[in-house]
Protein chains: 2
Amino acid sequence: MPETPAAPDGKRPTLADVAARAGVSTALVSIVMREAKGAGAATRERVLQAARDIGYRPDARARLLRSQRSRLLGVQFGLQQPFHADLVEGIYAAAEPAGYQIALSAVAAGRGEQRAAETLLADRCEALVLLGPQAPAARLAELARQLPVVSVARRLRSPIPGLEVVRTADDEGARQAVDHLVGLGHRDIAHVDGGRAPGAADRRRGYRTAMNRHGLGEHIRVLPGGLTEEEGASAARGLLAARPRPTAVLAFNDRCATGVLDVFLRSGVTVPGDISVVGFDDSHLARLAHIDLTTVGQDSARLARLAVGRAVARLEDVARLEGEDAAAWEDVVAPRLVVRGTTGAPR
Amino acid sequence: MPETPAAPDGKRPTLADVAARAGVSTALVSIVMREAKGAGAATRERVLQAARDIGYRPDARARLLRSQRSRLLGVQFGLQQPFHADLVEGIYAAAEPAGYQIALSAVAAGRGEQRAAETLLADRCEALVLLGPQAPAARLAELARQLPVVSVARRLRSPIPGLEVVRTADDEGARQAVDHLVGLGHRDIAHVDGGRAPGAADRRRGYRTAMNRHGLGEHIRVLPGGLTEEEGASAARGLLAARPRPTAVLAFNDRCATGVLDVFLRSGVTVPGDISVVGFDDSHLARLAHIDLTTVGQDSARLARLAVGRAVARLEDVARLEGEDAAAWEDVVAPRLVVRGTTGAPR
DNA sequence: CGAGGGTGCTAGAACGTTCTAGTAGCTGAA
DNA sequence: TTCAGCTACTAGAACGTTCTAGCACCCTCG
């Protein structure tokens, strides 16, 4: 039977309540709760017991209010984006050992990025980690003027003071995919792109460059796509109608590739027999046995770790404020191709 | 060019800074910022201008600390569950007009429900909304003793004081699906279930009851499934091997149904020609043109609205603390069948 | 025996708000 | 004139923590 929370007057118990029960000062209770040094072993135990007895729980807001440092990292993410979920998971894991807490703020239908960032600022976060932000660079610059900001998976043309970037080498990923396909014997390789989505431009460029390098410039074919299954499917329908049909397709991401696959299957086009398909992200989707998608993997755990690392470094290491190494404003993580069952030699 | 945030000493501006600049007291600035009455029009404008000038932004923590009411709703959700994303979206939308803020806490790989709930409590939420909680009833009861708790999409065998439930009538949903299929002429209808997932037991029961009611008891066939594509796929492989093959399948949810569909397509079994498939949830997935899944829709917006409504009612309406209508501890929302392209008459 | 340096603890002032109880000035009625 | 009742405003005390001093004690060393 769990003990009754037992605040005498129905209010939530405070430091003072614990102090009174243990017969010590509030300051000492604070010391014990923070696991700071400066309390004797016996007293420490007595205080902890008292806290347990009355069901005391430190008030995070009051704590943050008082301490100069809030040790709070604000994370803005897209509620409907599975890849962001992976990143957030990694961020939780990375922030904890560094002694930071996470405040989440979602970007959703009726809730834009502006709004999401506002609430994080109001919550007194020390730094912001933005996942795939779509806001204009000027807006990011404005934020970066107020506190350290790390942008994940969104590339920026030029450095912005106070803003750092962590991203995957998207062009390199596209290159790996093309190399793989060419290695299998493919020549007519199409790309279903991601439009204006973060990373799309780089992947497009990487595809083009790689094709040219293999002397396949005349086979370059970019179809407008997007980040959802729907958009992949509609692009795939276009591909089926095209003559000659490509023998391989590189899709913008895994969801897009799934849409492509689905249309192919329904039309009796076998994969990889008739056409090979490559995705991007290595999300859970791709790993499912029945999809078994060859894809370019983004290392979400690594991206998360780097993002948190950068934010923390900016906060802790005051020295950097002066040295500010201009070259080190972005981390570019290498992608790695994961070969599964949707690619093979052309017939 | 946006104005410089311009805190003279590099710290974030406070009420006092605004007050000094506008030549009034901090209390008056507070009044203006809260849009409370008690300030003249001219002064109000002057204060607002001063606030804009120095880039003042109210400190949410300090505000919550002082005011007795925090007007903060804690929401615990599964980071990897798309349906929860829909619910959170609805919750944001419902909380705003009621004048409540949302604090998110994710359940993820290294972060259990216990942990997620702890941080919400520490953040001083006034009430908790738990999305599909898996914690044992005893744990929920313990939470409910401390503050109002609403459980969404998790049914409870018996009422727990302080805990309310908002859920879909899962059994009714399964019934609708079976009725639809029987109406089309199907008799041999299998069910790929969700194991111990929230709602799975009810859907199983609804399926069994409906089959019996149609005199199809001998055709009842429940295959162990789960909430992911993977599990749906593996159940589907089992179905293909079975003799006689069923002419229709009701899957636990849309993801599961997608897995079933995929295996069928790969094996040359046409849908709905050879076999009809029905999902559950009406998630984004089901609506995609190329999947076009007949499914039992859960009204996430409505569930969200009800959950927030209950939480708010508990907080605002003190009278209820006494009247406590025992009959009204749960809201059951009717599902509605959405007929799309994966169901048809059996051959 | 006194100086120096730990420990273990406490009083009281922050932190940035909101809230309570005012005060001052004006208007209008008795 | 006086007083009641408004409106516009302010001083100062909360809120629940952490932080800065500093006190009292016990060692150890010269």
Side-chain angles (χ1 to χ4, degrees), chain A residues 7 9-48 50-51 54-72 99 101 121-126, chain B residues 7 9-48 50-51 54-72 99 101 121-126:
Chain A
D9 50 351
K11 301 187 96 51
R12 146 188 202 132
T14 76
L15 272 189
D17 298 324
V18 179
R21 183 172 240 263
V24 296
S25 72
T26 59
L28 186 57
V29 178
S30 170
I31 288 172
V32 171
M33 297 317 289
R34 274 177 293 145
E35 299 180 8
K37 62 182 174 186
T43 330
R44 191 175 286 270
E45 191 41 54
R46 192 154 42 90
V47 168
L48 286 175
I54 64 178
Y56 169 75
R57 186 188 311 276
D59 183 328
R61 333 295 286 207
R63 177 173 278 185
L64 293 187
L65 173 59
R66 171 56 217 193
S67 33
Q68 215 50 355
R69 303 283 319 270
S70 77
R71 304 192 77 82
L72 196 59
Q101 297 238 64
L121 289 180
D123 273 354
R124 262 197 164 197
C125 296
E126 293 191 88
Chain B
D9 50 350
K11 300 186 98 49
R12 142 187 203 133
T14 75
L15 271 190
D17 298 325
V18 179
R21 182 171 241 262
V24 295
S25 71
T26 60
L28 187 57
V29 178
S30 170
I31 287 172
V32 172
M33 298 317 287
R34 275 177 293 146
E35 299 181 6
K37 62 181 174 186
T43 329
R44 190 176 287 270
E45 191 40 54
R46 191 155 41 93
V47 168
L48 286 175
I54 63 177
Y56 168 76
R57 187 186 311 276
D59 182 328
R61 330 300 276 211
R63 177 173 276 185
L64 293 187
L65 172 58
R66 170 56 216 193
S67 36
Q68 216 47 356
R69 301 286 317 272
S70 77
R71 303 190 78 82
L72 196 59
Q101 298 238 63
L121 288 179
D123 272 355
R124 267 198 164 195
C125 295
E126 291 190 88

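The CZ-C1' distance, from A:Arg69 to D:dT17, rounds to 17 Å in whole Å. One can place CD of A:Glu35 at 12 Å from P of D:dT18, the figure rounded to the nearest angstrom. When the C1' atom of C:dC9 is taken as reference, atom NZ of A:Lys37 falls 16 Å away, rounded to whole Å. For A:Asp123 and C:dG16, the CG to P distance is 16 Å, given to the nearest whole Å. What separates CZ of A:Arg46 from P of C:dG8 is a distance of 13 Å, to the nearest Å. One interatomic measurement links the two molecules: CZ of B:Arg63 to C1' of C:dC19, which rounds to 14 Å at whole-angstrom precision. The nearest whole Å value for the distance from the CD1 atom in B:Ile54 to the P atom in C:dG16 is 12 Å. If you take CG of B:Leu28 and C1' of C:dG16, they are 17 Å apart, rounded to a whole angstrom.
Residue B:Thr43 places at least one side-chain N or O under 4.0 Å from the OP1 or OP2 atom of D:dC9. OP1 or OP2 of D:dT10 sits under 4.0 Å from a side-chain N or O of B:Ser25.
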| task | With side-chain contact (heavy atoms from CB on, under 4.5 Å) as the test, would you mind laying out the steps for A:Glu126 and A:Arg71 before giving the verdict? | result | CA-CA 7 Å; A:Glu126 293 191 88; A:Arg71 304 192 77 82; 4.1 Å; yes

| Derivation of the side-chain contact (heavy atoms from CB on, under 4.5 Å) call for A:Arg61 and A:Asp123 | CA-CA 9 Å; A:Arg61 333 295 286 207; A:Asp123 273 354; 4.1 Å; yes

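A:Gly38 comes within contact range of at least one nucleobase, with a heavy-atom separation under 4.0 Å. Contact annotation for A:Arg124: backbone-only contact, meaning every heavy-atom pair under 4.0 Å involves sugar-phosphate atoms and none involves a base. Backbone-only contact: A:Ala39 has heavy atoms under 4.0 Å from sugar-phosphate atoms and none from a base.
For the pair B:Asp59 and A:Arg44, both in contact range of DNA chain C, the more 5′-proximal nearest nucleotide belongs to A:Arg44. Residues A:Ser30 and B:Thr26 each lie close to DNA chain D; by heavy-atom proximity, the contact nearer the 5' end of the strand is made by B:Thr26. Nucleotides of DNA chain D nearest to B:Ile31 and A:Leu15 differ in position, and the one nearer the 5' end is that of B:Ile31.
The side chain of B:Arg34 lies closest to C:dT18, out of D:dG16, C:dT18, D:dT18. Checking C:dC9, D:dT17, D:dT10 against every side-chain atom of A:Tyr56, the shortest atom distance belongs to D:dT17. Of the candidates C:dT10, C:dT17, D:dG16, the closest approach to any side-chain atom of B:Leu65 belongs to D:dG16.
Rounded to the nearest 0.5 angstrom, B:Arg66 CZ and B:Asp59 CG are separated by 15.0 Å.
At a cut-off of 3.5 Å, with distance as the only test, a side-chain donor of A:Ser30 or A:Arg34 sits close to an acceptor on the other residue.
Side-chain atoms of A:Arg66 and base atoms of D:dT17 include no donor and acceptor less than 3.5 Å apart.
Looking only at distances, no side-chain donor or acceptor of B:Arg57 sits under 3.5 Å from a matching main-chain atom of A:Ala122.
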